[in-house]
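Predicted model only: the values in this text are computed from it and were never measured.
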Amino acid sequence: MIRKSGCRFSEKIMLKQRDRAMDLSIRNVRKEFDRFAALDDVSLDIRSGELIALLGPSGSGKTTLLRLIAGLDHPTGGQIFFGGEDASVKTVQERNIGFVFQSYALFRHMNVLDNIGFGLSVRRGADRMAKAEIARRATELLDLVQLSGLERRYPHQLSGGQRQRVALARAMAIEPSVLLLDEPFGALDAKVRRDLRSWLREIHDATGHTTVFVTHDQDEALELADRVVVMNEGRIEQIGTADDVYDTPNSPFVFGFIGESSSLPIHVEAGQLWFEDRPLGLPAGDAPDGKALLYFRPQEVKLLDGCGGCIAGTVAAGRRVAGTRRLELEVGGHRERVEIEVPASHPAAARSRIAFRPEKWRLFGTPGEAAPSEKVRRISGWPAAVQAGEGSSAARR
Amino acid sequence: MATALAHAGWRFRRPSVIPGFGLTFGFSIAYLSLIVLIPLAGVVWRSASLGWPEFWRIASDPRTLGALKMSFGGALAAALVNIVFGTLVAWVLVRYRFPGKRIVDAMVDLPFALPTAVAGIALTTLYAPNGWIGGLLAPLGIKVAYTPLGIIVAMVFIGLPFVVRTVQPVMEEIDREVEEAAATLGARRAQTVRRVILPGLAPAILTGFALAFARAVGEYGSVIFIAGNIPYVSEIAPLLIVIRLEEYNYAAATAIATVMLAISFAMLFVINLIQAWSRRRYGYGH
C-alpha cells in the first residue's frame, strides 16, 4: 500500500520549509483545570527540525501540552516561545501550526483536495492564493502522502490510514512552523501503524518540519523520535534519546513504563546489595547504606548454576513468548514475584528452583524514605564494568 | 394488502436475522393506510368525480390561484425566515450558557402546544395598527395585521420550533476538533462558521425547512385571525376550502385540496431527494 520510494516533494518547497522550521521553547508551563494541575512546571526545549515524542500513560498531560503549544488552550502559568517570539500573545490562527487530531477531524462535506487546500483558501489579503495555485499545491501534497487519484473522494469513502494521511497533508499545506500530531496512529490497526510509522519518519526527514507527536505506545516513540519526553502525572520524568530512556532510566516510573522490568526490595550494606539475608554478588558502588529498590529487565539477567551471591526463586509460572521463554519466579520469604527471560529450550519445570543475577540494573530509593525535595532518590547505577562503557544519566547530569 | 406484498417475493434491503419483518411491515402499512392514505385517497377520489374540465376550471380560478399563491408563497417566505432565526436560536441554546437558558429552551416548544387560534389572536392584537408593535410600525407606513405580511408573521411563529428542534441535536454533535482544525489552519471564526459548521448543518437545516414549510402550508387557525382574509390578496388556500365547504360545494373544496396535496407532495419529495443525495455524497448517517 505504501511505496517505499520515499518522498518526491519538490526541492523548492523543501528548502522553503527548512527555513521556516523553528525552535520551540516551553518554560515553566503550568495548566490547571478546575484547580487540578494537568501540567506542573514543565520546561522543554525543542530544536528546529527535531522529531519529538511525548510519551506517557493516559492522564499524564501529554495531549494538554500539545494543545498548549498549538494555542488551543492557554497555560495557567509559564511561557511558550516560537523561535524568539512569545507565542502567548498569538492566537491559534497566527501561530501557523499544523495540527493532526487523533480523530483526524476532516471536513466531511469537502472532498480530499478541498480538505487539503482549506488552509490556503482561507487566507486573505496579501497571502491570498489563486484557486489554481491552491489546487496545484494540494495535488502536490496528495502526491507526497501517496494518495494520488483520490482527489475527488469524500472522507467517509477513505480508510482510516488514508484519512490519517489526508489529515497530515492538510496540516502540512499551510507550511507550518511546527507540526503537532496527537496520537497520530492511535485508531489504526497494527500493520497500518507500522507502515505509517516509517513513512512519517521519511516525510519528516524530507520536509524538515519541527515535529512533536503524542503517543502512549513506547515502541512508536522509541522507534520514531529523535528524542523522547517521558511524562507522568503532569510532569516530565525524563528527556532523552531512545537509548537514554531505555538504558538509563532516571526514575522507577521510566524504568517501569519503558520496556519491561522487575523490581525487588533490597538493602545496601557494606558495599554489597543484599536481598533479605543473602548477598546478591553485586557491588553497591557509591550507594548509601539502607533500603532500596533494585530494578532490572527480564532479558538482562544471567542464569547461575550454584548460588554464591545470586537471587534464587521457585518457578511459579512460565510462558512462551516468541523466540524465548518467560518465567515468573517467587523469591524470598515474602514470595516477591519477578520475571526473567530464559532460552526457549530451557527445561524449567514448575516449582523447580532457579538462580540468576541481573547483568544490568539500577537502584532507586524506596518511595517511603525519599527526600521531600526530590521525589526519587537516585542511587548509582550500573555495575562497574557496564558503567565504564555506558555511563549513567544520573552521573552525566 | 401488506402481507400480499411481502409474500409476492419482493427482495427487501438486507434481510434481518431479527424476526418480525412481516408483522411490523404489515402493521406499518395498515396503520399508514388508516390514518393517512385512505383519507387522502378519498380527497383525490372525490375531486376526480368532478371530471377533468370542471376540475381544471376550479383549479385555475383566479381566486383559487391567488389563495394557493398566498399559502405556498407565504409558507416559503416563513420557512426561509425560520431557518435563519431558528438556526440562530439553536446556536445560542447549544453554544452559550446564560441564566434562564432552560426556560428559553422550553419556550421554543410553545408554538407546538398553544392552540393556534390563541396564537392568531395574540399576534393580531400585537400587530394591529392600534397594538403595541403595530402602533410602532404604523407611523413608518408598515402594515402587518390584515396583510400578507401578517400571514407570514403567523407562519413564522408556528414554524420556528421545527427548525430549532431539528438543528439543535445535530449542532450538539458537532465535533469540537473539526472547529479547532479549521482554526489551526488559519480560518477565522466567521470563515469556520460559514465554510465548516454551516455546511455540516445543511441536512438538518433542510429538514427543518421542509417541516416548517409543510406546517405553514397547512396552517389555518392562527393565520385566519391576522390575515384579514381579503380574496385575491390575503386569503389562504385552507380558508378557501373551508369557505367552499360552508357553501356545500364539496367538489370544489376537494379539488383545491387535491391541488394543495399535489404541490406539497412534489415539494417534500424533492427535498427528500436532495437529502438522500447529500447523505450519500457526504456520508452522513454512517
Side-chain angles (χ1 to χ4, degrees), chain A residues 63 66-67 69-73 90-111 114-125 127-129 152-158 163 166-167 169-183, chain B residues 13-14 83 87 90-91 94-95 97 166-210 271-286:
Chain A
T63 296
L66 202 71
R67 290 176 61 86
I69 297 172
L72 294 170
D73 281 319
K90 286 186 167 183
T91 63
V92 190
Q93 286 89 344
E94 290 164 347
R95 288 190 192 200
N96 198 36
I97 289 289
F99 200 107
V100 177
F101 292 85
Q102 189 176 4
S103 65
Y104 318 134
L106 294 178
F107 307 130
R108 63 199 302 190
H109 60 279
M110 292 183 201
N111 66 30
D114 291 341
N115 260 291
I116 298 175
F118 181 84
L120 301 175
S121 70
V122 294
R123 289 187 178 172
R124 290 289 172 265
D127 297 333
R128 187 173 189 146
M129 288 174 75
R152 303 280 160 225
R153 293 274 190 94
Y154 285 87
H156 74 103
Q157 298 168 314
L158 302 176
R163 285 181 210 180
V166 172
R170 183 178 69 174
M172 290 197 298
I174 59 169
E175 292 176 358
S177 41
V178 181
L179 197 56
L180 305 174
L181 302 98
D182 186 7
E183 301 263 357
Chain B
R13 194 170 67 154
R14 235 184 278 165
I83 59 171
T87 307
W91 179 266
V94 170
R95 288 304 172 99
R97 282 196 212 166
T166 46
V167 173
Q168 204 175 4
V170 181
M171 206 177 260
E172 272 161 3
E173 294 286 297
I174 292 179
D175 188 358
R176 228 192 138 66
E177 291 193 341
V178 171
E179 282 171 62
E180 289 177 345
T184 60
L185 291 168
R188 277 158 301 144
R189 198 68 193 133
Q191 288 173 317
T192 306
V193 169
R194 190 166 50 81
R195 297 196 43 194
V196 176
I197 297 176
L198 283 183
L201 290 176
I205 293 176
L206 197 61
T207 305
F209 175 83
I271 290 172
N272 262 326
L273 285 184
I274 295 173
Q275 283 182 316
W277 172 80
S278 78
R279 276 210 185 93
R280 249 200 333 276
R281 188 172 165 91
Y282 304 135
Y284 288 99
H286 272 255

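- Salt bridge annotation for R95(B)-E179(B): present, with a cationic side-chain nitrogen under 4.0 angstrom from a carboxylate oxygen.
- V92(A) approaches G71(A) most closely through the heavy-atom pair CG2-O, 3.1 Å.
- A donor-acceptor contact shorter than 3.5 Å links the side chain of N96(A) to the backbone of E175(A).
- Proximity to chain B is absent for every atom of T91(A), based on heavy atoms less than 4.5 angstrom apart.
- We find that R188(B) and E94(A) are not joined by a salt bridge, their nearest charged nitrogen and carboxylate oxygen being 4.0 Å or further apart.
- Among the residues in residues 166-174 of chain B, none has a non-hydrogen atom closer than 4.5 angstrom to a non-hydrogen atom of chain A.
- Taking A187(B) as the reference, F118(A), V122(A), A182(B), Q191(B), T192(B) meet the side chain to side chain contact (heavy atoms under 4.5 Å, CB included) condition, with sequence neighbours excluded.
- Atom OG of S177(A) is separated from atom CZ of R95(A) by 10.0 Å, given to the nearest 0.5 angstrom.
- When every heavy atom of S278(B) is checked against every heavy atom of P203(B), the shortest pair comes out as OG-CG, 4.2 Å.
- With a 4.5 angstrom heavy-atom cutoff, R170(A) touches chain B via backbone and side-chain atoms both.
- Between I97(A) and I174(A) the shortest heavy-atom distance is O-CD1, 3.3 Å.
- Of the atoms belonging to L120(A), not a single heavy atom falls under 4.5 Å from chain B.
- For R176(B), no part lies under 4.5 angstrom from a heavy atom of chain A.
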